[in-house]
Structures are given as structure tokens and as C-alpha cells.
Asker: 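My questions will all concern the structure given below.
Chain A is the first sequence line, chain B the second, and so forth, proteins listed ahead of strands; every chain is numbered from 1. For the numbers below, each heavy atom of this structure counts, side chains included, while hydrogens, waters and symmetry mates do not.
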Amino acid sequence: MRNQNRRKHFLVHKPFQFHYLIYTVILLIVVSGAALIGSHYGIWGLAIDAFSTASVKNKLTTAQQIYEYDQARRPIPSTSSKTSLRTYGATELLSAREREIINEIMNETDQKIALLGLILIIFIGWGSIYVTHKVAGPVFKIKQYMAHVAERDLTVRIHFRKHDELQDLAPLFNAMMSSLDDSYGRVKKMSEESPSEKLREEIQKELSQFKLTER
Amino acid sequence: LATHFVSYVRTTRLISFLLVLLIVVAPPLFPEAVQAAIGANDLKLLKKIQQDSFNYFVHYTDSNTGLTSDSSRPGSPASIAATGFALASFGIATTHGWISYKEAYQRIEIALKTLLKKNTNKNGFYYHFLDSRTAKRIWDSEASSIDTALLIAGALLAASYFPGTNVEKLAQKLYEEVKWPWMLNDSLLFAHGWKPNQGFLPYHWDMYAEHLILQVLAMGSPTYPAPEAAWSSWERKTDTYNNKKIVYSYSGSLFTYQYSHMFIDFRKINDGNVNYFQNSQNASHANSEFCSTYADKYATYENGVWGLSASLGPDGYRAYGAEPGEAYHDGTIAPHGAIGSIQFTPEASMTAIRNMYLNYGDRIYGSIGFQSAFNLDRNWWASESLGIDQGLIVLALENFLNHESVWKRFMRLKSVQRWIERADLNKGSISS
């Protein structure tokens, strides 16, 4: 029996499995797209802005100005500060500023990645729950119904939600339960209405329809 | 009869002497008298300049951090000195109705909270340049002694417009957290600054300059006062220009004679035989006369235009100045130079201001007041204004136009009185 039911292909239920393949691919496209757009505009965009022509010009002017502010306060003859020295001083400042900018970009990148990661975790988490709910819901219901059956309640019937997976399981289960309910119902009725000899025969006849474990 | 005649002559001479004294001495000591002598159109112009200059702080102060840009140039970092002037200017603006009490209060409170919350200082000394958006130290800037003093002075002045409020508490906290003796670095001279990767800068406030406000706040501190000996440790080098004796700064630049005087009323304070109000008056006259002397060489100095002060120039930012001192100049004039001296030299300043505005206003005057500087000889016109220049203009004109209101407020501070006592001032006689 086990050999008869052994799965020989991965695609045992094509619609169901392809359905989940599409879900997973869409989720990955969304996550990758968000990461790509986020890094392009959020991270590299910062770097591109920081090193645009206008920005570099501004920084160069600011570097010169800040260097000259310092010089203006110091007891150094204004005429002694040659252009080469000023350029050197401004370059040092500019270099320090570039390092600060890189650090700022890295810090902002870390923060943005952390934030993006958090958003994606929430999104993926929500997506996973939504998707798995379609499977987990029916499984949960079946588990509950089985518990009822274990307590000998043969009146239970399964009703799945419209978009739940395992829809084809419900009619089979319900047919099985109807069959059992019907059989046990008839056995019960016979035991109530027939004399005992005839009853035994009828019960055995009824039970012979079931495949039972040998005892 | 003879006795009566002698008595009459003596009385007449005395009256004449008093009249001469009143004419010569009173105007400089009592700017209101001079203000009256300045025409109505001039006063209107000065009020316009003050209000327009204030607009710099409205436009270039970040609404989230409250920090003010060093310059109107795009990408300029925030400067703590400019922020100090902004705080003071917002306070002043409430009295004129330029902005509402509530808006001024909020702007000041935001700035003070930013400075107190963020990691913007070392032992209470604030980094010279901060990112106006994040309030982080940038440009490898130093924790600056003089810029911190200008920030604190601005904050304390601003607080005086909002007594009993949270702004007053925050400003006082900002002041009380400054560990002034630390910047002395085990000496009696304040260092220019300190950098995390370098330690104390190798320059000190060792002669007359703009650092008097730093000395005042440091000696008057209720929490970490500088030792009394710090006041007498810096050198008072003296020289003369056109017979005017001046305790001079290295550069001879006007701003060195002005910054501290925006807050402190030095008219009745004598340091030994030096009166720094009179000193700045002499230095301002010297600056004006120096320019006049070179008017045949530099066209910018013609028509009574003067004002050699630190400013942008055709070759970059320079500490332009006059004698005595290094007196580096190339024909570049900073409008804030003459305006910042208006309480010292009202008439000469007014002449320069009027001519600069009327003759070159279309090139150097806009919605935020004057641009930093100009140089006719090289056909160079600054394309930006600096926060510290506009702040100097707002405060100088406030004192001049509004009954010395900044001086009155600042001189009432306990810290200022403490400095006067600890520095043992007011015991000398005034020498001209």
C-alpha cells in the first residue's frame, strides 16, 4: 500500500505547486526591486549628489573659506600666506570633509538598510502569513474536524473559504463522512427496530462493507 | 566792579568750556544726540538695513535644528557664531514686530535644545561648524573659544527677551556648562580652540582682539570661572595713528574692535588707563582716515567710503585692516565695517553707508541686506552674505537706533557685573 502511494514526481499537484511558485517569485521580485531602487536612489543617489559638479565646487569654495577664516584670526602676515599654502590647507580640509561625507553616506546607508530590512521583514512576514493561511487554514480545519470524528461525531462536514487551498479535499472528506454517517445511522436504526438474531446478521452485513484492521 | 568783571569772565569761560565739552564729548558718548543730528532719511535707511539684515536669519536658519548657516552660499555649513547672532536677532525682532513673539521663542528654543542635546561640544565649547541638518560636527572644525563666546552671548541676550521661560533656563544651562578654564590649557591665555585629533590649537588670544567677550563670559561664569589673572595676561600693545593712541589688534581689522562692543557697553568701564569704547572709537576713526589716505590709490575708498574689516575679497577671505596693525588691504571694503562702528563714528559711518547704498546698492544690496564686500578697483562684488556680518549689523543698529537696548540688557547680567568686579575695572582714569 505504501509503495502504491509513493510519490514518483515532484509535481504531484501542479496547480497547487505552480500557484506557490508564482507567489514566491512575485515576493522575491518585490523584495529585490525594493532593495535595488532603495540602494540606487537612497544610497548611490547620496554619493552622486555629494560628488556632483555643483556640490564639489561648493565644497571647494567652503574649504578655501574655512581655511581663510582660520588664517584671518591668526597672527600671521596676510601677505605671507602664498597661494600654494592656501591651496594645500584647503585641500586638507576638503579631504577631511570628503571623509566625513563618506562616513555620513555609510551611516545613512546602514540606517536605510536597517529600515528597509525591517520593512521587508514585516512585508515578507505578512506575506508568508497570508499565503500560508490558505494552506494552514484548511489543515487547521481538518485537524479540528478530525478531533470531532475521533469523538465519534459523524455529522461534521468541511466548508473551506473561497480561495483556500486543498479545496478538492473537502468533497472527498464530506463524502467519506456522509458514507460513514449513513452506515452508522442505518446500523443504529436496525439495532432499534429488528429482533436480535436478524440484527446480528444485518450488522455483520453492514460492517462487511468496511475494510477494518484484523483483530 | 573789577571783582565782578573777573567773576563774569570766569563764569563765561566756564560756560564756554562746558559748551565746547558738550559739543565735542557728548556726541560720541551719547549716540542718541548724534542720531538726532542724522537726517530722517538716513534713519529710515538704517532701519531698512537692520530689518533686511535680520532677514538673513529667517532665510538661513534651519527650521528643524535652529542652526544658522555661516553664509548665504548653497552648501554652507552652520556656524555657531552665526547661530549666536541669530538667537540675539530673533529676540530683537520681537520688539519690532518683524516676527511674532511665539515664532521667535520657538526658533530660539529649538536651537538651544539642539545644542544641548546633540554631541556638539567638548567641555561646553561648541564646534565651529555643524551640519545644519543633523547638528553634527563637520569640516574637521575646532571646538572654538571665541565662537562659543559669541554663541553664549547671543543666547543670553536672546533669553533677556523671554524672562522666566524655558528659553531663559536653556540659555543659562548652555552658559553654565562651559568649562572655561579648560580652554586655558594650564596657562592664563585662552587657546583659539581644540580638535579631537590634534588637541589644543597652537594659537592663543594673547593680544587685543575680538576676544573681550570671551574674557567677560569666562570670568563671569557662575560655574566654571576663569582665574582673575587671565584678564591681565594678554598683551595690550599700543600705537598711534594720526595722533590717536590705540590698543590695537594684530590685523587692525575693524571687527576686532566691534564684536565684543555689540554686547558690552564699555563707555563707563576703564581697564587701567584704557577705555575700550574710546579705543574702538579711535580705531574706527583711524580706519576711516586710513582709507581716505589711500583714496587716490583705490577707487573703492573714494566718496567717504571706508570699512576695512575681515570679509570676502577678490582673493578670498581676508582680515583687511588699517593701521595700527598689519593693515593688509587691496581696495576691498566690507559694508558691515562702517555699520558696525556706527556707535563709535556715527557721522563717518553714515556717510559711508549712504554712499555705499546709493552708489552700489544695485550690485551689493538685496533682500537680506548688504553682501559681504566689494572692490571697485578689481570690479569684484561678493555674491554672498555672512551670518556674522549680518548679525553685527543687526546688533550695532539696535544699539544705535533703539536707545542702546542691547547694551542695557546685557549689562544687567550678573555675569557681566561679576567680570567687572573680578577684573578690578573702573579704577583707572580715561586717557584719550
Side-chain angles (χ1 to χ4, degrees), chain A residues 42 45-112 115, chain B residues 69-71 73-77 79 81 128-129 131 133-134 136-142 144-147 192-193 195 197 201-207 209-211 249-253 255-256 309-313 315-321 325-330 372 383-384 386 388:
Chain A
L46 282 176
I48 289 164
D49 283 350
F51 298 104
S52 67
T53 308
S55 177
V56 170
K57 270 185 186 173
N58 267 330
K59 279 184 283 184
L60 187 61
T61 309
T62 307
Q64 285 172 339
Q65 215 155 297
I66 287 178
Y67 177 78
E68 288 160 0
Y69 283 163
D70 276 348
Q71 296 300 301
R73 279 180 180 169
R74 292 173 182 178
I76 309 166
S78 301
T79 46
S80 75
S81 190
K82 292 176 183 168
T83 309
S84 57
L85 277 176
R86 286 179 185 275
T87 307
Y88 180 75
T91 307
E92 269 193 325
L93 272 175
L94 189 60
S95 156
R97 180 65 191 138
E98 300 295 16
R99 285 195 298 277
E100 288 170 3
I101 289 172
I102 296 289
N103 272 329
E104 279 170 23
I105 290 173
M106 283 166 67
N107 288 338
E108 283 199 32
T109 301
D110 290 347
Q111 285 171 9
K112 280 183 178 168
L115 185 66
Chain B
S69 292
D70 175 62
S71 156
R73 185 171 37 76
S76 171
S79 143
H128 193 167
F129 296 109
D131 186 324
R133 195 172 50 89
T134 63
K136 283 183 184 167
R137 169 189 180 240
I138 54 172
W139 285 104
D140 191 34
S141 61
E142 79 285 10
S144 168
S145 53
I146 184 62
D147 294 290
H192 278 199
K195 281 188 179 184
N197 54 350
L201 303 184
Y203 298 97
H204 297 86
W205 296 108
D206 55 3
M207 66 181 287
E210 68 272 27
H211 65 94
S249 62
Y250 178 83
S251 61
S253 200
F255 81 99
T256 60
S309 193
S311 72
L312 294 170
D315 299 319
Y317 190 86
R318 298 286 187 275
Y320 296 110
E326 188 200 11
Y328 175 76
H329 68 121
D330 63 1
S372 177
S383 57
E384 60 189 285
L386 304 186
I388 50 175

Asker: Just to verify, what does B:E384 make a salt bridge (charged side-chain N to carboxylate O under 4.0 Å, His left out) with, not counting sequence neighbours?
Answerer: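 B:E384 satisfies salt bridge (charged side-chain N to carboxylate O under 4.0 Å, His left out) with B:R73 once adjacent residues are dropped.
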Asker: Distance-only, no hydrogens or angles: does the B:S141 side chain make a donor-acceptor pair with backbone N or O of B:F129 under 3.5 Å?
Answerer: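 Yes; judged by distance alone, with no hydrogens or angles, the pair exists.
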Asker: Of the listed residues (B:D140, B:L312, B:I138), which shares the most heavy-atom pairs with chain A below a 4.5 Å separation?
Answerer: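 If we count pairs closer than 4.5 Å to chain A, B:I138 comes out on top.
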Asker: Looking at A:E104, A:E92, A:K59, which one has more heavy-atom pairs under 4.5 Å with chain B than the rest?
Answerer: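 Of A:E104, A:E92, A:K59, A:K59 has the most heavy-atom pairs under 4.5 Å with chain B.
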Asker: Tell me, for B:H128 versus chain A, whether the close heavy atoms (under 4.5 Å) come from the side chain, the backbone, both or neither.
Answerer: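 Contact with chain A: side chain only.
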Asker: Which atoms of B:S144 are under 4.5 Å from chain A, going by heavy atoms: the side chain, the backbone, both sets, or neither?
Answerer: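 For B:S144, the contact with chain A is made by the side chain alone.
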Asker: Heavy-atom distance under 4.5 Å to chain A: side chain of B:Y320, backbone, both or neither?
Answerer: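 Contact with chain A: none, neither part.
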Asker: Against chain B, label A:I101 side chain, backbone, both or neither, depending on which of its atoms sit under 4.5 Å from a heavy atom there.
Answerer: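 For A:I101, there is no contact with chain B at all, as no heavy atom is under 4.5 Å.
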Asker: So does A:T91 get a backbone contact from the side chain of A:S95, meaning a donor-acceptor N/O pair under 3.5 Å?
Answerer: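 No; judged by distance alone, with no hydrogens or angles, the pair does not exist.
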Asker: Is it the side chain or the backbone of B:D315 that comes within 4.5 Å of chain A heavy atoms, both, or neither?
Answerer: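 The backbone, not the side chain.
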Asker: Is A:A54 in contact with chain B via its backbone, its side chain, both, or neither, using a 4.5 Å heavy-atom distance?
Answerer: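 The answer is neither part of A:A54.
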Asker: Can you check whether B:T256's main-chain N or O pairs, donor with acceptor, with B:S253's side chain at less than 3.5 Å?
Answerer: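 A pair under 3.5 Å: no.
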Asker: Below 4.5 Å, heavy atoms only, C-beta onward: do B:I146 and A:R73 meet side chain to side chain?
Answerer: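 The answer is yes, as the side chains (C-beta and beyond) meet within the 4.5 Å cut-off.
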Asker: With sequence neighbours left out, what residues match A:I102 under side chain to side chain contact (heavy atoms under 4.5 Å, CB included)?
Answerer: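 Applying side chain to side chain contact (heavy atoms under 4.5 Å, CB included) to A:I102 gives A:F51, A:M106.
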Asker: Can you tell me if NZ on A:K112 sees more than 12 non-hydrogen neighbours from other groups inside 6.0 Å?
Answerer: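 Yes, enclosed.
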Asker: Using heavy-atom distances under 4.5 Å, tell me whether A:E98 contacts chain B through its side chain, its backbone, both, or neither.
Answerer: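 Contact with chain B: none, neither part.
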Asker: For B:Y317, is it the side chain, the backbone, both or neither that has a heavy atom under 4.5 Å from a heavy atom of chain A?
Answerer: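 For B:Y317, the contact with chain A is made by backbone and side chain together.
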Asker: Is the backbone of B:L386 close enough, under 3.5 Å, to the side chain of B:S372 for a donor and an acceptor to pair up by distance?
Answerer: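 No; zero donor-acceptor contacts below 3.5 Å.
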Asker: Contact part of A:Q64 toward chain B, heavy-atom cut-off under 4.5 Å: side chain, backbone, both or neither?
Answerer: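 Answer is neither: A:Q64 stays 4.5 Å or more from chain B.
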